[in-house]
Number of protein chains: 2
Amino acid sequence: MSVPAVTLKDVAQAAGVSISTASRVLDERGSFSTSAAAVRVRAAADELSYRRNTAASSLRRGATGTFGVLVPRLSDTVMALMFEAIERAARTRGHFALVATCGNEPDDEAQATETLLDRNVDAVILATARVDDRLPESLRRRGIPHVLVLRTDRVSPSSLGDDEAGGYLAMRHLLDLGHRDIGLINGPTFTSTGQDRRSGAERALREAGLTLDPELALTTGYGIEHGVAAGRLLLERAHRPTAIFAANDHLAIGVQTAARLLGLVPGQDISIVGYNDIPLVAQLPVPLTSVRTPFDTIAATALDLVTSKSVEREPIRRALPTLIPRASTVRAPL
Amino acid sequence: MSVPAVTLKDVAQAAGVSISTASRVLDERGSFSTSAAAVRVRAAADELSYRRNTAASSLRRGATGTFGVLVPRLSDTVMALMFEAIERAARTRGHFALVATCGNEPDDEAQATETLLDRNVDAVILATARVDDRLPESLRRRGIPHVLVLRTDRVSPSSLGDDEAGGYLAMRHLLDLGHRDIGLINGPTFTSTGQDRRSGAERALREAGLTLDPELALTTGYGIEHGVAAGRLLLERAHRPTAIFAANDHLAIGVQTAARLLGLVPGQDISIVGYNDIPLVAQLPVPLTSVRTPFDTIAATALDLVTSKSVEREPIRRALPTLIPRASTVRAPL
DNA sequence: CTGTTAGCGCATTCAG
DNA sequence: CTGAATGCGCTAACAG
């Protein structure tokens with residue numbers, strides 16, 4: 001910085017103590033001393049608006065009080081919400097969260113992780129995991145503290161929403177409304193979210209004495225454009241479904257678009273359920289029924305997992321989602 | 001990190017040179033040496049997968065190669081896109097971008113900035129500026145390198161879209177389609193974007209021999225819910241406008257929602273133009289005509305401004321936006 | 001081009 | 001509880 005920074009030395013001098021005393025008093029971890037010297041040091045630090053030099057502190061401590069978060073992209077609102085929740089949770093604990101984006105390429109994922117490690121983060125939080133991802137394994141091998149969020153490779157410590165339960169809630173909601181011909185648009189099979197939300201949906205169908213019609217179950221990406229394409233496929237069928245469960249909100253918006261293109265009105269001719277409940281969907285022309293993912297809980301649990309030394313506890317934690325019913329779902333026609 | 005890190009010393013030893021030679025060879029800034037020793041050092045570094053310790057390097061260099069970016073929220077797609085663009089531009093130059101969020105409170109803005117400065121960022125990039133913001137002034141006074149993006153206080157170095165031109169494009173587009181009764185939903189007056197987009201729109205009207213009907217010009221926030229409310233106000237009028245220019249995409253989506261609520265079909269009964277062209281709007285049931293903000297250009301220019309030593313050049317740079325016409329705008333009824 | 005030397009600012013020994 | 005001394009890993013003078 002342009003302004004010559006005030007260092008511990010300045011503070012110590014002003015307080016009339018040694019550097020090491022000043023360092024100890026200002027150490028936020030140790031016990032809070034109330035000795036005369038401590039009071040003077042704090043006053044001096046305040047007066048001079050002293051701010052610890054993180055580079056020097058990290059170098060010496062070997063830890064930075066920083067988590068590195070890796071997401072595919074921040075312009076995906078789900079990922080932005082997840083990061084914001086992690087940032088809040090970190091701040092609460094006096095830590096800092098640092099983010100890097102890596103797109104969907106496994107290679108870039110590994111490289112971005114190295115970038116984070118270069119910044120001496122104390123742990124890595126990955127929102128990118130594929131079920132067959134090599135990166136978590138590599139982190140385990142190298143003994144690098146890490147936790148997976150939202151998605152899991154089913155091995156490394158993970159904090160996520162209970163996607164099976166969420167899938168169940170979504171499908172059950174449609175069944176309760178009397179729907180029997182229900183389409184499913186699922187996310188990529190390489191994500192645990194894709195797999196688990198589908199399992200949950202199938203469980204709900206089984207409970208109702210139904211099975212998933214393979215012709216009505218599509219697997220695709222997580223973008224709006226995928227939702228449009230999949231929606232068209234389902235809705236152009238001779239015997240079209242009366243409801244569709246889309247495994248994320250973008251897909252569901254795409255289905256709304258597809259419906260309009262075919263002259264169908266969402267929440268009238270076709271019921272639609274999304275997943276994640278991003279803020280946008282409550283405000284759409286036809287507000288979307290969606291399964292809300294508890295981002296704050298997931299973030300807090302993730303930090304617990306990655307900071308606790310005890311490995312013996314259940315390493316894969318799932319937070320229960322909630323279904324938020326809105327105008328996009330209505331009773332099935334008789 | 002758990003694995004004992006390999007240091008310069010290890011590399012130097014393996015290459016049979018001194019630490020300082022190794023340091024020099026691996027210095028990415030200086031000229032690229034091809035001497036035998038240099039080759040050996042690079043081989044050794046590669047072999048041992050050496051990674052520079054940023055804390056130590058920053059401490060010594062006094063610079064971190066890091067920009068601190070401050071945004072209100074990342075779950076606002078516009079801000080996420082802006083940050084992603086800055087991140088890309090920084091990476092291109094071998095730098096790193098670090099983000100902090102601060103909501104809309106000026107107090108939190110100042111505090112978040114301090115958090116970034118604590119991390120020894122080389123410069124601060126603010127996407128938060130209000131026209132009467134005190135923070136840029138405080139940064140100028142303290143001699144802290146900074147640049148404002150997207151919004152400007154009209155004093156500090158800034159890189160933004162040409163909002164006046166964008167407002168002109170949007171309004172001109174509607175006029176060219178034959179609309180004469182045009183509503184304007186504008187962003188907060190404390191943002192330069194709000195002010196400038198409105199001026200541009202007014203210029204287009206003047207050129208067409210019209211003036212802005214004050215009753216059709218609303219000023220509000222930038223959220224979807226604001227768009228819904230403002231849209232209702234405009235569309236419930238006895239003599240309702242045939243077109244609306246909303247100063248950002250969220251407002252425009254809100255207007256679409258308001259239209260539907262009143263039984264009007266966007267792109268048919270009412271034409272709507274948004275601003276920023278976030279990816280979502282191209283995929284809506286009625287794809288939205290929008291003014292595209294050139295985020296990558298803005299990011300590159302911002303980094304130029306903040307890294308160049310020359311203060312003499314124009315410190316407020318504006319990148320031209322483009323209008324992307326889509327189905328939400330149609331010819332005015334006769 | 002090379003190596004030697006001296007710190008960057010801080011946290012932590014170790015003596016007192 | 002305190003202060004003096006040491007070095008985290010790296011870079012920048014300096015001298016060869």
Side-chain angles (χ1 to χ4, degrees), chain A residues 1-42 44-45 48-66 94 117-122, chain B residues 1-42 44-45 48-66 94 117-122:
Chain A
M1 295 303 82
S2 308
V3 177
V6 349
T7 72
L8 255 192
K9 201 168 109 190
D10 304 321
V11 175
Q13 212 155 34
V17 296
S18 74
I19 295 184
S20 37
T21 299
S23 173
R24 269 186 293 258
V25 171
L26 265 22
D27 187 333
E28 73 287 0
R29 298 161 303 181
S31 52
F32 188 86
S33 164
T34 51
S35 71
V39 172
R40 285 208 313 283
V41 168
R42 272 188 283 270
L48 303 173
S49 52
Y50 166 75
R51 335 216 76 215
R52 172 192 284 120
N53 180 320
T54 33
S57 177
S58 312
L59 177 57
R60 186 63 239 256
R61 292 197 194 188
T64 52
T66 303
L117 292 174
D118 280 355
R119 321 276 319 171
N120 293 319
V121 297
D122 297 340
Chain B
M1 295 303 82
S2 308
V3 178
V6 349
T7 71
L8 255 191
K9 201 167 109 190
D10 303 322
V11 175
Q13 212 155 35
V17 297
S18 75
I19 295 184
S20 42
T21 299
S23 173
R24 267 186 297 256
V25 171
L26 266 20
D27 186 336
E28 73 288 0
R29 299 162 302 182
S31 51
F32 188 87
S33 164
T34 50
S35 71
V39 173
R40 286 209 312 283
V41 167
R42 272 188 284 270
L48 302 173
S49 53
Y50 166 76
R51 334 219 77 217
R52 172 191 288 123
N53 179 320
T54 33
S57 177
S58 313
L59 177 59
R60 189 58 240 250
R61 290 193 188 183
T64 53
T66 302
L117 292 174
D118 280 354
R119 320 281 312 174
N120 292 319
V121 297
D122 296 340

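Order of the sequence lines sets the chain letters (A, B, ...), proteins ahead of strands, with each chain counted from 1. Side chains are part of it too, since the values below use all heavy atoms of this structure and drop only hydrogens, waters and symmetry mates. Since we're looking at a predicted model, the values are computed, not measured.
Counting only residues at least two apart or on different chains, the salt bridge (charged side-chain N to carboxylate O under 4.0 Å, His left out) pairs with a member in residues 17-41 of chain B are D27(B)-R29(B), D27(B)-R61(B), E28(B)-R52(B), E28(B)-R61(B).
T54(A) contributes atom OG1, which lies 10.0 Å from atom CG of L117(B) (distance to the nearest 0.5 angstrom).
Residue A36(B) is the one, among T7(A) and A36(B), whose nearest nucleotide of DNA chain C lies closer to the 5' end (criterion: closest heavy atom). Heavy-atom distances to DNA chain D give each of A56(A) and R29(B) a nearest nucleotide, and the one nearer the 5′ end belongs to A56(A).
The stretch residues 10-25 of chain B comes close to DNA chain C through V17(B), S18(B), S20(B), T21(B), R24(B), each having a heavy atom under 4.0 Å from the strand.
Here the closest heavy-atom approach between residue T64(B) and residue R119(A) is recorded as O-NH1, 4.3 Å. The two atoms that bring A63(A) and D122(A) nearest to each other are CA-OD1, 3.4 Å, heavy atoms only.
Here the side chains of N53(A) and T7(A) are not in contact, with every heavy-atom distance at 4.5 Å or above.
Along DNA chain C, read 5' to 3', the first and last nucleotides having any atom under 4.0 Å from a heavy atom of chain B are dT2(C) to dG9(C). When DNA chain D is scanned in the 5' to 3' direction for atoms under 4.0 Å from non-hydrogen atoms of chain A, the outermost contacting nucleotides are dT2(D) to dG9(D).
Summary for the helix from dC1(C)-dG16(D) to dG16(C)-dC1(D): the axes at its two ends, each from 5 pairs, differ by 30° when rounded to the nearest 10 degrees.
Across all strands, A38(B) comes closer than 4.0 Å to no nucleic acid atom at all (heavy-atom distances). Here L8(A) lies in heavy-atom contact (under 4.0 Å) with sugar-phosphate atoms only. Across all strands, A55(B) comes closer than 4.0 Å to no nucleic acid atom at all (heavy-atom distances).
Here T21(B) pairs with S18(B) under the side chain to side chain donor-acceptor pair (under 3.5 Å) rule; sequence neighbours left out.
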Inset, instruction - Please lay out, stage by stage, how L48(A) and V11(A) fare under the test side chain to side chain contact (heavy atoms under 4.5 Å, CB included). - result: CA-CA 7 Å; L48(A) 303 173; V11(A) 175; 4.3 Å; yes
